[in-house]
Amino acid sequence: MRAWPGDGIAFGGDYNPEQWPRAIWDEDMRLMRKAGVTFVTLGVFSWSWLEPTKGEYTFEWLDEAMDLLHANGIAVDLATATATPPPWLTSAYPEILPVDHDGHRLWPGSRQSWCPSSRLYRELALALTERLAARYHDHPALAMWHVSNEYACHNLPCYCDTCAIAFRAWLEQRYATLDALNNAWGTAFWSQRYTAWEDILPPRRTTTFANPTQVLDYHRFGSDTLLAFYRDEHEVIRRHSPEVPVTTNFMTMSNFRHLDYHDWAPFQDVISTDHYVVDALDHPRAELSFHGDLTRGLAGGRPWMLMEHSTSAVNWQPVNPAKAPGGTVLDSLTHVARGADTLGFFQWRQSRSGSEKFHSALVPHAGEDSDRFREVCELGAISARLGEVLGSHVDADVAVLWDYEALWAMSGPCMPSSAIDYVTAPHTVHRLLRDRGITCDVVHPSADLSRYRVVVVPSLYLVSDEDAASIAAAAVAGAHVIVTYFSGISDPDDHVRLGGYPGAFRDLLGVRVEEFFPLRTDEVVALSGGGRGSQWSEDARVVDAEVVTTYAEGPLNGRPAVTRRSVGSGTAWYLGTLPDDTSLGSLLEEVAELAGVEPVTTVAPGVEVVRRSGSDGSWLFVLNHTTAEQELTVTGHDLVSGSDVGPTHLLAPLSAAVVRES
Amino acid sequence: MRAWPGDGIAFGGDYNPEQWPRAIWDEDMRLMRKAGVTFVTLGVFSWSWLEPTKGEYTFEWLDEAMDLLHANGIAVDLATATATPPPWLTSAYPEILPVDHDGHRLWPGSRQSWCPSSRLYRELALALTERLAARYHDHPALAMWHVSNEYACHNLPCYCDTCAIAFRAWLEQRYATLDALNNAWGTAFWSQRYTAWEDILPPRRTTTFANPTQVLDYHRFGSDTLLAFYRDEHEVIRRHSPEVPVTTNFMTMSNFRHLDYHDWAPFQDVISTDHYVVDALDHPRAELSFHGDLTRGLAGGRPWMLMEHSTSAVNWQPVNPAKAPGGTVLDSLTHVARGADTLGFFQWRQSRSGSEKFHSALVPHAGEDSDRFREVCELGAISARLGEVLGSHVDADVAVLWDYEALWAMSGPCMPSSAIDYVTAPHTVHRLLRDRGITCDVVHPSADLSRYRVVVVPSLYLVSDEDAASIAAAAVAGAHVIVTYFSGISDPDDHVRLGGYPGAFRDLLGVRVEEFFPLRTDEVVALSGGGRGSQWSEDARVVDAEVVTTYAEGPLNGRPAVTRRSVGSGTAWYLGTLPDDTSLGSLLEEVAELAGVEPVTTVAPGVEVVRRSGSDGSWLFVLNHTTAEQELTVTGHDLVSGSDVGPTHLLAPLSAAVVRES
Amino acid sequence: MRAWPGDGIAFGGDYNPEQWPRAIWDEDMRLMRKAGVTFVTLGVFSWSWLEPTKGEYTFEWLDEAMDLLHANGIAVDLATATATPPPWLTSAYPEILPVDHDGHRLWPGSRQSWCPSSRLYRELALALTERLAARYHDHPALAMWHVSNEYACHNLPCYCDTCAIAFRAWLEQRYATLDALNNAWGTAFWSQRYTAWEDILPPRRTTTFANPTQVLDYHRFGSDTLLAFYRDEHEVIRRHSPEVPVTTNFMTMSNFRHLDYHDWAPFQDVISTDHYVVDALDHPRAELSFHGDLTRGLAGGRPWMLMEHSTSAVNWQPVNPAKAPGGTVLDSLTHVARGADTLGFFQWRQSRSGSEKFHSALVPHAGEDSDRFREVCELGAISARLGEVLGSHVDADVAVLWDYEALWAMSGPCMPSSAIDYVTAPHTVHRLLRDRGITCDVVHPSADLSRYRVVVVPSLYLVSDEDAASIAAAAVAGAHVIVTYFSGISDPDDHVRLGGYPGAFRDLLGVRVEEFFPLRTDEVVALSGGGRGSQWSEDARVVDAEVVTTYAEGPLNGRPAVTRRSVGSGTAWYLGTLPDDTSLGSLLEEVAELAGVEPVTTVAPGVEVVRRSGSDGSWLFVLNHTTAEQELTVTGHDLVSGSDVGPTHLLAPLSAAVVRES
């Protein structure tokens, strides 16, 4: 298969020349060369320009753009343009429009207005894909195929009648018999027992709470349906273009939750993702680092592509401030630190009209003469210098488990608390370890856990028997396993494991929980030792474990909040609540020390460190997120500044160093 | 009519054996006996198990369950299973699905997905009822019929075309002529005058505020429609089973407001209700006590059945903490104190799947070996010991008025304030009296008020002339009548009584209000004497009354906030605002003292006392809602502990005593 | 054209006699005479009384009301009654019902339930208008025609299929070619390029953000569509009644934003408007003054009619307190101070039923014997005494620009911040100037700016080249032009002006902004000199200007926040943020002093002053909004008290003086 181009970190972004007059294209080439752009993604939203009316194709402009890019030495990640249908298509076939939970038709006028189950849409999209693959498979600019775009960002879940039919077929495939489905969904309750497949519907707006397993299966169905669509496009391209890698851009961001990327990853020739910083989060950069590690986990530890991020402000938040000076470089290098070998942005030139005109770009509204474009050029130069890092890997002794099925199930209807969010526990643990210079892998529960010294199981509400056994085995084999509140509660059908919570981990932890006491929003509970718990508490009884911390007030006063149990060569820790940062940080430090997990290096608060290692050496990424200068103890050659450093190095505010360690 | 079984307080709950394998049923019998269960409600959601496809009936499993229960000495409250249709039914007849205010079809997949006006659904439901009544009317386990379940919990109001037709018929019945309807609805305004019955619609989503009397009538229509349905089912059962009492479970909870239970009560052979504690309330246990008293009022002072409550957490709140240890017993005995002679729970065994799997039960997920199940067994034993209380009554000298029509009207569109809630004033007065050991009846304004020394009229926005006259007569006859803000404003057509507020009570109070000054959320106004008012204020002028308290700031500075007037042998008090707890508590103490109303006994804060009295003696219920031990002055035999107590008794935290007084 | 009647300020309001029995009408006449009512608006919601079934007309009651009013010397502003169709009409033609953004049909049962694009509705409405015009054009009571009522208050935007067709026609008119439309809307992005007019839809509910220019054009289309309807009614009336002025009541309130009244104004024989005070605003009376000035601007500086306001509480807010005593007079005279020559109220007699029964009126529920009615009578007497003010004008040296198109564009989807509101900047500047006794005109950017010494351009996000040039010319000619943050960003197609913000004013200000840093809700940023900015900040670079204030913290630390530049004979000021009241107030004082703008007179905080001037003299309006007595320095004759005052005058709390200056 053809290699992804470049001697440095590939650097570029979405290029939408159809938005601009032809004269601008030449200016674009000049500025791309100036900025050091090595690749662009072309054609993501071009269907209406490639096929302006049904069956009438206009590829000439794309030919010209491809040729121009090639002439300028810029590789092309060519999109299949099937992410969004043109107006004529939805006008001719309104039945492909998605329908929301309440039964509202989602009209065109935005993007991705198509039903994921529509065979008709798939046929039309595959026809365009076929034409593109046939025409461009041997174009010299072509370096990668980019199927569709951000699958499911807006059109999942769809609740239309087409989806209802497809859902039934998916269920018949999954369950084979109605008895099996009735058992899995628990339809004995609320008179929901099905006696004909035809009676089954999507979990549409109903009178009160929907059936939770039906909702969970609808998540699975949605993800599987789009994956099948992706695979169909992949297959069409592969037929024409066997040597060029194919990908689709994931969205590994905490606020995108529709696809189970662990299912999707095996079908990517290379993992690529989009990530945007969410300003409203308490810890936006910790979220970035977490999802970088998650993406690396999806890539099986191999390097991955950051297909899209932003140089500065986005346009879809309630308030969208620009990034501080230096922020473009800092955020980008954080992704590289976590394993990215490509830095793509949305988009090359900031639009002057349309829905994304206030989304930042490589070339801002202010133009070439602007600090942001100068920072872009700086980043391009850095990317070129980072070539030696390519293909190196990030090693971690700690695994934080992440599972989209557990996320879906925990977000279902009528749970003990809707005030808690699946991501809180994994994000918090990851952030506190990152603050201490400890790198984590973020992996699926089914991953090989044998190589980790610490395995964190954060609110893994739903878990299979196999995965629970693998987690227990890790402890027996010597790892420190930390299981937090509300883990191991249900099986993959979302049936509660009976006999005391957390069913799947009761024996491992030596703890038996009788009832849940979720904490109200903003409620905290005092813990022995001076800490405070939030989010959750539960009435745990020690069966065979040592009590580390107890509740110090309230209905659980004196009951265990944190316990530990020796198991085989390892240790199983239980957290029944989410301790405050200080308490949990201390606990994690203690566990790390016991487990022999070392920080990458000692860091000041707000400084992030990650090491990438290769056959030829290692590179220390140091990311100064603070607005103060920071002194580091490091010796080697800094690829960012291009200078040797050591034994100490002063790092400017909001800047980064990538030191090839001596 | 057959008597409700048992020597003690009947104890049990909903039993859904169809959720579990047959082997579990035997285990259920063992545990029921262990827990002291005397009855179960069977079949509430069993339609899809009784008639899995149209016209195919499978009663065998129910036969077996009935026999098994009978063999174990457990009485059955048999549900008609018509609360929720099976999937095949809504699939075959989608026209029975309800439609919400915005026009959204409410699909099946939850429960109660049927239009209240559907004749078709009624026919299908009555057919099943008929089969059940015919088959089980002489089964020896049968002790009661349980029609449907929690009517209107989810399917009212429905705005479908079937309802539109039914609404017109209901209106024609009510008004006879369009002139009368036009007058009642005030259609002279906003060009709403009707000249054909066919033009009338439900108050569906419209451009801005709906007609308030149309909305009020739609509430009435909904309640009447379901009552007619209930009566049809009742009639079918009665034909087959003349000796067995029939009931349906009300929902006398402050957050359920769709049915006028004062209309429904006369058609119950025994009043039964469901009550769940709402964690988010400021005073959840005071709400419980209030609605116990309301249920007793619906039962005309006679004992009633608590058909459902929860042993611990529910699953439908945003956050659902478990009850503290002791809470199951304490909440149950609070209901008994207020007149319940039956303690039912939802449900026997906690589901492992489906929408209510995190709703607590008599047998929790943790199983037999759990503190909660041990508390359940303790409650079963206590219930058995409480047999001597059966049939005794609660006597009150204070009446708090409650009217669902006033509630509906006050909750209507475009009112002076949507920041006030009908329940606030009655709940507050009731709670402050309860804190002082004073028991209230909660009764409809049309109740016989002559036996009360104090009558509280809390924000009775809408009132009929007859009821207003009856309230005034109570004062003339010697009672202290307390009328709060925003009472007596409109008549049953929701026409404002002109000439100065509160029209219906202006003469009684000797006060004339010119304008309303509702207070903003969180706004308070200083009162003379140091108190503070919240919720509401109004520009009152004294015509013939004594000023007790005035406003001490703001636009009403110096105007009367509280007045009193001697009238006949009694006194009429007026409250233009809601004073803070301390001020209002003092006022209520003063009124009680003047009226000669004695507390049941002196209590510490957080301890609730109620007396039930019978021909053979009296029982003092003492409920310690605090987390501290409390010393009581009481002598007699405590049925809870089974021991003699006196002259003082130490009551453990969160526990109760029921002392047969010597 | 016939003159609007009266020797004093015309005084009256909406009169809906059809709500009341005939006997009340005579009582109404007595009370109108007592109150000094000189005019009423009749028939606003009378369609169902004028045409109770299709083609059956019942004008007799209206004849009688007209005659009765005439006999009592009261002029009639006769409504065409087309604001709200009767039930029979929407029942017969349900296709005229509007449809909301999500596709919900908006049913009748409220008011204005008709689609603005419906030709059918227009025909039916014009037929009624024709009959009314033919019948009453020469009635002696007739003084004005009142077309429809509060256009667009509830039925805009409508998204139905009829509107889709009309929108396409409107677009074809505007753009002529699809290429022009595609360019204006920026459809090159997100595959939105149109190749057939038939594919275009209203911006209905879609998957994510709608196209902003499509949304903007839909605002324009809605306003234009209703204006065409208004003009059709106007034309029908004019044909029958050439001598009687025609108007429709605008709603110049900050929370009504659907119509571009600058487009509508030229088609009014006299500008009339409705204004209601919004209790939840931080500065409700400043909002009133602002919109009075805006209305005067719409009237080209000529006097205008306040068609509706309220004597006291309204009924459509979450909480609706009554006005304080004196508030009726004070609010009314504030409008007169700003140029109103008519004081109309909604409505004459407070309804006893229907949706507006808790909306205050001239005759309250409490009746004639009430303080509010006595205040109404006082206002009537004052109005009569104010005759000498009629026709006088308000002169201002300061213009604040206001543009509904800029408002619409700035409120569009996916902007840099949805936490800022178009009205904040103009309201704040106007309020701070008002607090300092300085009167502003509020005018469209295309107004003649040459007569102003200060021109404020507050967040004028969208601006045409012509208007931007006119603003710059004002500075060159000597004015102080103050341009605030987020002005001049886009052109009338909402295309961003490239090369650095604020494109349209970059040269004028000598400032170039590279990026936006909108501030989060409740976020503030320190400024040099001790002030604080809120709402917004931006990364500005001085090209040719003097830095007045800089940011003192955060990512923009040290960057300019306020600058000034000499330009021609004038000065261009730039504000990149919204300074706190104290800082901005000082700045405005400085600018006023530099510009030679004098306050009307010196005032204490909370006292508002405006001067009206005529050929015969001038009148100082002094409005004491405080609850304290205020001493004024003024000499002349006070028309409110009817007494001579001077050289000082004590003004009671919440009261007004109108002093004919000596």
Side-chain angles (χ1 to χ4, degrees), chain A residues 16 18-20 45-49 52-53 81 83-88 90-91 98 100 102 104-113 153-155 279-280 312-313 315-316 318-325 350-360 364-367 369-372 627, chain C residues 102-104 183-196 198-214 413-420 490 493-501 503 512-521 523 537-539 541 554-555:
Chain A
N16 299 293
E18 66 270 37
Q19 285 187 47
W20 299 95
F45 293 116
S46 301
W47 192 338
S48 69
W49 283 85
T53 62
T84 295
W88 62 259
T90 48
S91 189
D100 76 6
D102 294 342
H104 305 128
R105 181 68 62 184
L106 299 182
W107 293 88
S110 181
R111 54 183 255 191
Q112 259 188 20
S113 44
C153 189
H154 308 294
N155 60 348
D279 184 68
S312 192
N315 65 327
W316 40 261
V319 181
N320 299 290
K323 292 188 182 181
Q350 190 167 7
S351 301
R352 69 181 306 175
S353 57
S355 289
E356 302 210 43
K357 65 178 176 291
F358 288 115
H359 192 294
S360 61
H365 282 154
D369 178 16
S370 63
D371 282 0
R372 191 63 63 189
T627 53
Chain C
D102 293 342
H104 305 130
N183 181 58
W185 288 15
T187 60
F189 198 44
W190 283 6
S191 193
Q192 296 180 351
R193 186 181 170 211
Y194 294 96
T195 48
E198 291 68 38
D199 297 340
I200 301 173
L201 290 166
R204 293 173 175 167
R205 183 185 184 90
T206 179
T207 46
T208 180
F209 297 115
N211 182 298
T213 309
Q214 181 183 13
C414 41
M415 297 295 277
S417 173
S418 60
I420 63 169
S490 77
D493 288 334
D494 196 11
H495 287 204
V496 173
R497 297 167 178 277
L498 301 179
Y501 315 117
R512 184 163 171 270
V513 173
E514 293 194 5
E515 290 192 295
F516 300 132
F517 286 74
L519 298 174
R520 299 164 192 88
T521 306
E523 190 184 9
S537 62
E538 46 191 33
D539 183 9
R541 317 300 172 93

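Note on naming: letters A, B, ... go to the chains in the order of the sequence lines (proteins, then strands), and numbering restarts at 1 for each one. Side chains included, hydrogens not; waters and symmetry mates left out as well; all remaining heavy atoms used. If you're wondering where the values come from, they're calculated on a predicted model, not measured in any experiment.
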Most heavy-atom pairs under 4.5 angstrom with chain C, which of A:Trp316, A:Trp49, A:Trp47, A:Trp20? A:Trp49
Over all atoms of both residues, closest heavy-atom pair of C:Thr207 and A:Ser113: CG2-CA, 3.9 Å
When C:Ala210, C:Ser417, C:Ala184, C:Ser191 are compared by non-hydrogen pairs under 4.5 Å with chain A, the top option: C:Ser191
Decide yes or no for C:Trp190 and A:Glu356: does some side-chain heavy atom of the first lie under 4.5 Å from some side-chain heavy atom of the second? yes
What residue, out of C:Gly103, C:Gly186, C:Pro212, has the most heavy-atom pairs lying under 4.5 Å from chain A? C:Pro212
Would you call C:Glu515 and A:Ser312 a side-chain contact if the rule is heavy atoms closer than 4.5 Å? yes
Which distance, rounded to the nearest 0.5 Å, do you find between the OG of A:Ser110 and the CZ of C:Arg205? 12.0 Å
Is it the backbone or the side chain of C:Glu514 that comes under 4.5 Å from a heavy atom of chain A, or both, or neither? both
Can you check whether C:Glu198 reaches A:Ser91 side chain to side chain, under 4.5 Å on heavy atoms? no
Structural part of C:Leu498 lying under 4.5 Å from a heavy atom of chain A: both
Does any heavy atom of chain A fall under 4.5 Å from the side chain of C:Ala196, the backbone, both, or neither of them? neither
Region of C:Thr213 in contact with chain A, defined by heavy-atom distances below 4.5 Å: neither
Out of C:Pro555, C:Ser418, C:Ser537, C:Pro518, which one racks up the most heavy-atom pairs below 4.5 Å with chain A? C:Pro518
Between C:Tyr501, C:Phe209, C:Phe516, C:Phe189, which shows the greatest number of heavy-atom pairs under 4.5 Å with chain A? C:Phe189
Does a side-chain heavy-atom distance below 4.5 Å link A:Lys357 with C:Cys414? no
Given a strict heavy-atom distance threshold of 4.5 Å, which part of C:Ile420 is in contact with chain A: side chain, backbone, both, or neither? neither
For C:Gln192 and A:Ser48, the nearest pair of non-hydrogen atoms, with its separation, is N-OG, 3.8 Å
Quick one: what part of C:Pro416 sits under 4.5 Å from any heavy atom of chain A, side chain, backbone, both or neither? both
Please classify the contact of C:Glu523 with chain A as side chain, backbone, both or neither, using a heavy-atom distance under 4.5 Å. neither
Against chain A, label C:Ser490 side chain, backbone, both or neither, depending on which of its atoms sit under 4.5 Å from a heavy atom there. neither
Please flag which part of C:Pro203 lies under 4.5 Å from any non-hydrogen atom of chain A: side chain, backbone, both or neither. neither
I need the minimum non-hydrogen distance between C:Arg512 and A:Asp369, along with the two atoms involved. NH2-O, 2.8 Å
Partner of C:Asp199 under side chain to side chain contact (heavy atoms under 4.5 Å, CB included), chosen from A:Pro108, A:Pro86, A:Pro87: A:Pro87
Rounded distance [0.5 Å steps], OG1 in C:Thr206 versus CG in A:Asn155: 10.5 Å
Determine the option with the most heavy-atom pairs under 4.5 angstrom with chain A, choosing from C:Asp494, C:Asn183, C:Asn211, C:Thr208. C:Thr208
Are A:Asp371 and C:Arg541 packed together at the side-chain level, in the sense that at least one heavy-atom pair is separated by less than 4.5 angstrom? yes
If you compare all heavy atoms of A:His104 against all heavy atoms of C:Asp102, which two are closest, and at what distance to 0.1 Å? CD2-O, 3.3 Å
For each of A:Ala313, A:Ser355, A:Ser360, tally heavy-atom pairs with chain C at distances under 4.5 Å, and name the one with the top tally. A:Ser355
